[in-house]
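So the structure is just underneath, and the comments pick up after that.
So you know, we letter chains A, B, ... as the sequences are listed, proteins then strands, and number each from 1.
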Amino acid sequence: MPSAETSAPARPLLAIRGLRKSFGATEILKGVDLDVRQGEVVSIIGSSGSGKTTLLRCVNLLEEFQGGEVLLDGEPVGYREQAGRRLRLKDRDLARQRAQTGMVFQSFNLFPHLSAAGNVMLGLRKVKGMGKAEARAVAERWLARVGLAERADHAPSQLSGGQQQRVAIARALAMEPKLVLLDEITSALDPELVGEVLATVKALAGEGATLLLVTHEMRFARDVSNTVVFMEKGLVAERGPPGDLFGNPRHPRLIEFLRGTRDH
Amino acid sequence: MDDLITEAWDARDVILGGLLQTLSISALAIVLGTLLGVLVGVALVYGAWPLRLAARAYADVMRGTPVLVLVLAAFYMPAVLGLHLQPFAAGVLALTLFCGAHIGELIRGALGSIPRGQTEAAKAVGLTFFGVLAHVLLPQALRSLLPPWINTCVEMVKASTLLSVIGVGELLLRTQEIIGRNFMTLQFYLLVGALYLVVNFAIEQAGKALERRVAFR
Ligand SMILES: Nc1ncnc2c1ncn2[C@@H]1O[C@H](COP(=O)(O)OP(=O)(O)OP(=O)(O)O)[C@@H](O)[C@H]1O
Ligand SMILES: [Mg+2]
């Protein structure tokens, strides 16, 4: 499908530089460097505990990090420098920056007190300040795009896992984020529901959305990505176009990892 | 029986006045106590430690003190400080403080039982802390809180009888005054008991209707 390295703009949309993150005394991310260009789809693979989720959470400012920087469209997120000191931004600024990235979670995390449309509308109304009618129209458009036009007024509890996850995707994308983060969004789904969600993501990728995703679905990673990144012990161990990474892996841990996954 | 009906009819204005007092005391204490309780609950869960500590101390002291003591304290203590509260105001203050502590604990529990993913999803959408609280956490907390909240409302109506000791002319005190005149002790206590029962039954029914309306579908 999409081929990498076509008309690369000078500046990546997302630039992660030397990112370090510890939980207590344990360093989880040990200097991660990663670029995502506008319109690119980057898949992160790697064994459990290698820090993939933590990396996405740092990008979306759900975790604090101790070193390095994350630049979104050139703007450092999460922290500012003042007199040589690194200070966490205030709640309001963090919220503004978070609104520029969308996030889809493994466990959907739909708001149970709101309908499908209500879930999509909340950010449009309260963050973007849209009027009710306009937000509703946008929500309906996005629900239609993920194939759920008929389910707009259903409560999350009335939807299947796959449908809930597609609402979550609509909720993230309706905000028109510059970048969408997806963390193992099919892991909590019954096998027969995985396909519909992956097809939705594939369609979005085809329409030019910039995606940074973590997945255990190797075939999906190969199909959808421009770039695949292999993380190992808190570092990017190897990266490249999916053909190279899956076809000609070099890092011994990657070779081992791919041998362990059945469907690549 | 005829006597009771005649006596009750003669005393209808007094009884009705007492009932209205009881209802307004309870309503005020519930509304103010709920607002206070939301603040206390949020402080207990998200407050910086000095605030959390203060909220914890407040909640524990209030819940550990008999309501009658609170009522007497609210009436007599401000006077020591040169502040004179009317019995009505003092009574409402005491019940509000009591109610706030209870609701605060309820809110704390309800907020604590909401999965972390809810906060994270709301933050990811771009909501600020107060946005997350107002649009995602509190609406969910209040729903799960509805049954115990209704219970608290009923408790407040019952607790309002304690205001009779500081001379607030609520239903119980008025009834006692009537009994003082006609000595129909048993009959009037039964009558007033039935009135409290009706009020609390109405609250419970209203609560159930509300629960049905806001239940997650
Ligand atoms: N809140 C936390 N507190 C302490 N340690 C944590 C926390 N979250 C994650 N970790 C640790 O950080 C490491 C990396 O976790 P992370 O969830 O990022 O891995 P992952 O690559 O996403 O794994 P998986 O494939 O299983 O999802 C793990 O060792 C985990 O135990
Ligand atoms: Mg993970």
Side-chain angles (χ1 to χ4, degrees), chain A residues 53 56-57 59-63 90-116 118-129 153-159 164 167-168 171-177 179-183 188, chain B residues 34 38-39 41-43 45-52 106-150 207-217:
Chain A
T53 295
L56 291 200
R57 291 171 58 85
V59 171
N60 206 25
L61 304 173
L62 293 174
E63 300 284 0
K90 288 208 211 46
D91 181 51
R92 183 157 293 280
D93 297 318
L94 292 176
R96 183 182 54 77
Q97 292 183 338
R98 283 195 194 105
Q100 300 180 19
T101 52
M103 181 137 183
V104 184
F105 300 84
Q106 183 174 345
S107 50
F108 329 141
N109 297 348
L110 290 186
F111 308 129
H113 61 300
L114 298 174
S115 65
N119 267 270
V120 182
M121 286 165 69
L122 184 63
L124 298 173
R125 304 254 295 132
K126 303 302 172 188
V127 177
K128 293 205 153 181
D153 294 312
H154 284 52
S157 61
Q158 296 171 318
L159 300 174
Q164 289 189 49
V167 173
R171 176 174 71 181
L173 277 130
M175 295 295 289
E176 299 185 332
L179 166 75
V180 185
L181 308 167
L182 306 106
D183 186 10
Chain B
T34 301
V38 169
L39 298 179
V42 169
V45 182
Y46 301 106
W49 73 262
L51 184 61
R52 202 164 60 229
L106 292 178
I107 299 254
R108 182 191 63 77
L111 284 175
S113 67
I114 298 174
R116 234 175 44 144
Q118 289 292 308
T119 305
E120 295 185 344
K123 279 184 175 174
V125 161
L127 291 171
T128 58
F129 171 74
F130 286 105
V132 175
L133 204 56
H135 304 301
V136 174
L137 298 180
L138 284 177
Q140 292 183 47
L142 292 176
R143 253 157 244 245
S144 66
L145 217 76
L146 208 49
W149 183 76
I150 298 296
K208 285 199 180 118
L210 202 60
E211 256 173 73
R212 277 193 295 275
R213 270 197 53 177
V214 304
F216 298 139
R217 281 165 301 167

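Under the rule for a side-chain contact (heavy atoms from CB on, under 4.5 Å), the partners of Lys208(B) that lie at least two apart in sequence or sit in another chain are Gln205(B), Arg212(B). With sequence neighbours left out, Tyr46(B) forms a side-chain contact (heavy atoms from CB on, under 4.5 Å) with Val42(B), Leu111(B), Phe129(B), Leu133(B), Leu137(B).
His113(A) places a side-chain N or O within 3.5 Å of a backbone atom of His135(B) that can act as its donor or acceptor partner.
With a 4.5 angstrom heavy-atom cutoff, Leu124(A) does not touch chain B via any of its atoms. Both the backbone and the side chain of Phe111(A) come within less than 4.5 Å of a heavy atom of chain B.
Heavy-atom pairs under 4.5 Å with chain B peak, among Leu61(A), Leu94(A), Leu122(A), at Leu122(A). With chain B as the partner, the residue from Leu62(A), Val104(A), Thr101(A) showing the most heavy-atom pairs under 4.5 Å is Leu62(A).
Going from atom NZ of Lys126(A) over to atom CZ of Phe130(B) covers 16.0 Å, rounded to the nearest 0.5 Å. Atoms CZ and CG, on Arg125(A) and Leu127(B) in that order, are 12.5 Å from each other to the nearest 0.5 Å.
Heavy atoms only, all atoms of each residue included: Met175(A) and Val125(B) are closest at CE-O, 3.4 Å.
Using non-hydrogen atoms only and a strict 4.5 Å limit, the part of residues 112-124 of chain B facing chain A consists of Arg116(B), Gly117(B), Gln118(B), Glu120(B), Ala121(B), Ala122(B), Lys123(B), Ala124(B).
For residues 94-107 of chain A, the pairs satisfying salt bridge (charged side-chain N to carboxylate O under 4.0 Å, His left out) are Glu75(A)-Arg96(A), with sequence neighbours left out.
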